[in-house]
Number of protein chains: 2
Amino acid sequence: MDALSDDAGGKRARGLDRAFEILDFLRQKRQALKPNEIAAQIGAPRSSVYELVNLLLRNGILEFTGGEGRVYLGRKLYFLGAAYENHFDFTRECEAVLERLADETRETAQFCMLDGNKYTVVRMREGARPFRISTDVGQSVPIPWTASGRLLVAHMSNEDILTFIPPQDFCLPSGEWLDPQAFLAEVRQAERDGLFTFNSIVDSFTHCFAVPVTDEEGHVAATLCLVAPRDDGLANRERYLDCLKDAARGLSHAPARPKRS
Amino acid sequence: MDALSDDAGGKRARGLDRAFEILDFLRQKRQALKPNEIAAQIGAPRSSVYELVNLLLRNGILEFTGGEGRVYLGRKLYFLGAAYENHFDFTRECEAVLERLADETRETAQFCMLDGNKYTVVRMREGARPFRISTDVGQSVPIPWTASGRLLVAHMSNEDILTFIPPQDFCLPSGEWLDPQAFLAEVRQAERDGLFTFNSIVDSFTHCFAVPVTDEEGHVAATLCLVAPRDDGLANRERYLDCLKDAARGLSHAPARPKRS
DNA sequence: CGCTAAAGTCCAATATACCGTACATATGAT
DNA sequence: ATCATATGTACGGTATATTGGACTTTAGCG
C-alpha cells in the first residue's frame with residue numbers, strides 16, 4: 001500500500017498537489033515570496049516550482065506583488081473563497097453571534113474550524129480587555145494545542161484521530177509532549193460534555209472555553225470559543241458557558257427532527 | 001503568443017488548468033454539481049474530471065455537499081481567499097467608502113474589479129431605493145456590458161484589449177452587437193476623463209457612473225460605481241461624480257499595503 | 001577584478017497524467 | 001423484457017508534465 005500522505009520517497013509529485021502545496025505555504029508564510037525561495041523552503045525542484053508558479057499566475061491564482069518577482073495568493077482565490085462563503089452562508093450569522101458573545105462576556109470570542117489536519121481561527125471578536133491573543137485569524141495551529149481541537153475531532157475514532165493528527169503536533173510550544181492517550185481521553189470527555197475548557201497550553205494566563213457548532217447532519221462543523229484571563233474565566237465559568245451554548249444553538253443547523261410527513 | 005484562452009484543438013489539457021476550469025465553473029453555477037454534470041457541461045472527458053475532482057476533494061478544495069455525490073467549492077478555498085483579503089487589506093476601507101457613498105447619494109454603490117477577462121462586482125451597498133440591480137455580487141459579466149469595463153481595461157493597448165475580451169462578449173444581452181471600435185473609443189475617452197457614465201445596456205432604466213481606483217503604481221485596479229434611476233442620475237450627475245471621485249481618492253491612496261502580521 | 005551565491009531560464013529523459021474506451025450499476029420508459 | 005440514459009469505476013497507451021542538471025544573469029564583496 002502506498003504512502004498516501006505526502007512527499008515520501010523520491011517519487012514524482014503531481015502538479016496539482018504541488019500547486020496547492022505552494023498556495024498553502026504562501027498562506028502560512030503570509031507574505032510574498034520568490035519562486036526560488038518557495039522551491040527551497042518546501043523542498044521542491046526549482047524548475048517545477050517555476051513552471052507551476054507561471055501557470056498559477058496566468059490563471060490569476062497567484063499574483064506578482066512585493067516586487068523582485070515575488071508572488072502571493074491572487075485575486076481569483078478571493079473570488080472562489082467568496083463564493084464558498086456565500087454558499088455556506090455562515091459569515092453573517094457568525095459575526096452577529098460573535099459580537100453578542102463579546103458584548104455579554106467582555107472576553108475575546110472566536111469561531112474556529114479545522115483546516116485539513118490543523119486548527120484555525122476563522123473569525124474573531126476582540127473582547128474588552130485587549131490582551132495579547134496568541135493565535136491570529138487564519139493561522140494554522142496544531143489541534144492538540146487548543147480546547148476546540150478536542151471537539152473538532154470528536155466525531156472520529158481514536159485510531160483515526162491518531163493517524164489524522166501529525167505526531168509532532170503533540171509537542172507543545174513549551175517543548176513538552178502531550179500524551180496522545182491523555183488527549184484522546186479529553187476528546188471523549190469533551191464529546192460527552194458537549195464542551196471543553198482548560199487553562200491554555202499556548203500561554204500561561206488564559207482560560208479557554210469551547211462548545212461545538214453542528215451542521216445539519218449533527219457533526220461538529222466548528223466551535224465557538226471564549227478566551228479569558230484565568231481568574232476571570234474561573235469566576236464566570238457557568239455564565240460564560242451558558243452564553244456559549246446559547247450562541248452555538250443559534251449557529252447550529254437544527255438536526256433534522258423526524259416530523260410526520 | 002500562445003492561445004491563452006482554452007481548449008482550442010484536440011490537444012490534451014493540463015490538469016491544473018482543467019482543475020481551475022472546474023472551480024470557476026462551479027463558482028459560476030453557484031451550486032453543487034455531480035462530477036458527471038461538470039464533465040458534460042464544460043466539455044471535458046469524464047474520466048479526467050472524476051480524477052481531478054477526487055484530487056481536489058482530497059485537498060479540501062472541493063467538498064461533498066448537496067448529496068448524491070455532488071461537489072462544490074471547499075473550505076480551503078475560503079481560507080486561501082481570506083488570506084488574500086487579509087494581505088491586500090482593501091475590504092475594511094472599501095466597506096466604509098461604499099457606506100458613505102450610499103449614504104450621500106441614496107443610490108446603489110459598487111466596488112468592481114476584473115476577474116480574468118470578465119467584470120465582477122466585488123462588494124455592493126444597496127441604495128435607498130431598492131430597485132432590481134441586474135448583476136449580483138460575484139457574478140462574471142462581459143466587460144463591454146458595463147461602465148466600469150471601460151476603465152478596467154484602459155491600461156491596455158487597443159490590440160491587447162481586443163484579444164483580451166472574448167469576441168462573443170461584444171454581443172449585448174439584448175442580442176445586438178456592440179462595435180468593438182466604438183467600445184475602444186469609449187475606453188480611450190474614459191481614460192482621458194478619468195470616469196465613464198452611460199445608460200446601462202443591461203437594463204433600460206438605470207444610469208451608471210464609474211470612476212477608477214488606482215494602485216500604488218498608478219494602474220486602474222478597480223472601480224467605484226453608482227447605479228441610479230436614469231432621470232435621477234442625470235439630475236444629480238455632477239454631485240454624484242464628485243462623491244465618487246472623493247471616495248476613489250480615499251481608496252486609491254492606501255489600497256494594497258501589506259500589513260504587518 | 002575574479003569569486004561566490006542567489007535567481008531565473010532552457011532542455012532532454014522518462015515516469016506518469018490524461019483520456020478513450022470498456023465495464024458496472026441504477027433508474028426509467030417503452 | 002429490452003432499450004436508453006445517467007452515473008460511477010477500471011485500465012492501458014501515449015502524449016507530455018515533472019524533473020535534474022546545465023547554463024545565464026545578476027548581485028554582493030573582498
Side-chain angles (χ1 to χ4, degrees), chain A residues 1-26 29 31-72 74, chain B residues 1-26 29 31-72 74:
Chain A
M1 48 214 73
D2 50 53
L4 65 83
S5 56
D6 1 70
D7 53 355
K11 309 213 60 166
R12 259 166 71 152
R14 188 178 271 245
L16 249 184
D17 293 328
R18 270 273 148 69
F20 287 114
E21 194 182 350
I22 291 172
L23 297 183
D24 262 339
F25 181 69
L26 286 172
K29 284 295 188 181
Q31 60 173 325
L33 257 37
K34 301 185 198 181
N36 212 20
E37 299 173 312
I38 298 175
Q41 299 190 46
I42 70 176
R46 292 180 330 129
S47 43
S48 304
V49 172
Y50 273 100
E51 170 139 22
L52 288 171
V53 164
N54 283 327
L55 270 178
L56 295 170
L57 282 170
R58 288 205 290 108
N59 278 326
I61 307 295
L62 289 180
E63 282 175 16
F64 281 119
T65 179
E68 311 269 314
R70 271 180 274 261
V71 297
Y72 192 66
Chain B
M1 51 209 69
D2 50 274
L4 64 83
S5 56
D6 7 68
D7 51 359
K11 311 212 59 168
R12 265 167 66 154
R14 187 180 273 244
L16 250 184
D17 292 328
R18 271 270 142 79
F20 287 114
E21 194 180 351
I22 291 172
L23 298 183
D24 263 339
F25 182 70
L26 286 172
K29 284 293 187 183
Q31 60 174 327
L33 256 38
K34 300 184 199 181
N36 212 18
E37 300 173 309
I38 298 174
Q41 299 189 49
I42 70 175
R46 293 188 324 130
S47 44
S48 304
V49 172
Y50 274 100
E51 172 148 16
L52 288 171
V53 164
N54 283 326
L55 271 178
L56 295 170
L57 283 169
R58 252 197 285 292
N59 279 325
I61 307 295
L62 289 180
E63 281 176 15
F64 281 119
T65 179
E68 310 269 314
R70 272 180 273 262
V71 296
Y72 193 65

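Just so it is clear: chains get the letters A, B, ... in the order the sequence lines come, proteins before strands, and each one is counted from 1. All figures in this text were calculated on a predicted structure; none of them were measured in a lab. Side-chain atoms are counted along with the backbone in the values below, which use heavy atoms only and exclude waters and symmetry mates.
- What separates CG of L55(A) from P of dT18(D) is a distance of 8 Å, to the nearest Å.
- Going from atom CZ of R70(B) over to atom C1' of dA6(D) covers 13 Å, rounded to whole Å.
- For S47(B) and dC19(C), the shortest distance from a side-chain N or O to OP1 or OP2 is not below 4.0 Å.
- Each of Y50(A) and A13(A) has a nearest nucleotide on DNA chain C; the 5'-most of these lies closest to Y50(A).
- In this structure, the side chains of V71(A) and I22(A) stay at 4.5 Å or more apart for every pair of heavy atoms.
- When all heavy atoms of Y72(B) and L26(B) are compared, the closest pair comes out as CE1-O, 3.4 Å.
- The residues E51(B) and R14(A) are annotated as salt-bridged, a charged nitrogen and a carboxylate oxygen being separated by less than 4.0 angstrom.
- When distances run from any side-chain atom of P45(B) to the nucleotides dG20(C), dC18(C), dT7(D), the shortest one goes to dG20(C).
- Distances shown here put every side-chain N or O of R18(B) at or beyond 4.0 Å from the OP1 or OP2 atom of dA17(C).
- Each of dT14(C), dC19(C), dG8(D) was ranked by its minimum atom distance to the side chain of R12(A); first place goes to dT14(C).
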Exercise for the section: Tell me, with the steps shown, if I61(A) and L55(A) meet side-chain contact (heavy atoms from CB on, under 4.5 Å). Expected result: CA-CA 9 Å; I61(A) 307 295; L55(A) 270 178; over 6 Å; no
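- Between the CG atom of L16(A) and the P atom of dT18(D) there is a distance of 9 Å, given to the nearest Å.
- In this structure, the side chains of R18(A) and P45(A) come closer than 4.5 Å at one or more pairs of heavy atoms.
- Here dC18(C) presents its C1' atom at 15 Å from CG of L56(B), a figure rounded to the nearest Å.
- Between the CD atom of E21(A) and the P atom of dT19(D) there is a distance of 10 Å, given to the nearest Å.
- Looking at heavy-atom distances under 4.0 Å, E68(B) makes contact with sugar-phosphate atoms alone, never a base.
- A donor-acceptor contact under 3.5 Å is formed by the side chain of R46(B) with the base of dG8(D).
- Rounded to whole angstrom, the span from the CG atom of L57(A) across to the C1' atom of dT9(C) amounts to 16 Å.
- Between the P atom of dC19(C) and the CD1 atom of I22(B) lies a distance of 10 Å, rounded to the nearest Å.
- Applying the 3.5 Å distance criterion, the base of dA17(D) shares no donor-acceptor pair with the side chain of R14(A).
- If you measure from atom CG of L33(A) to atom P of dA7(C), you get 10 Å, rounded to the nearest angstrom.
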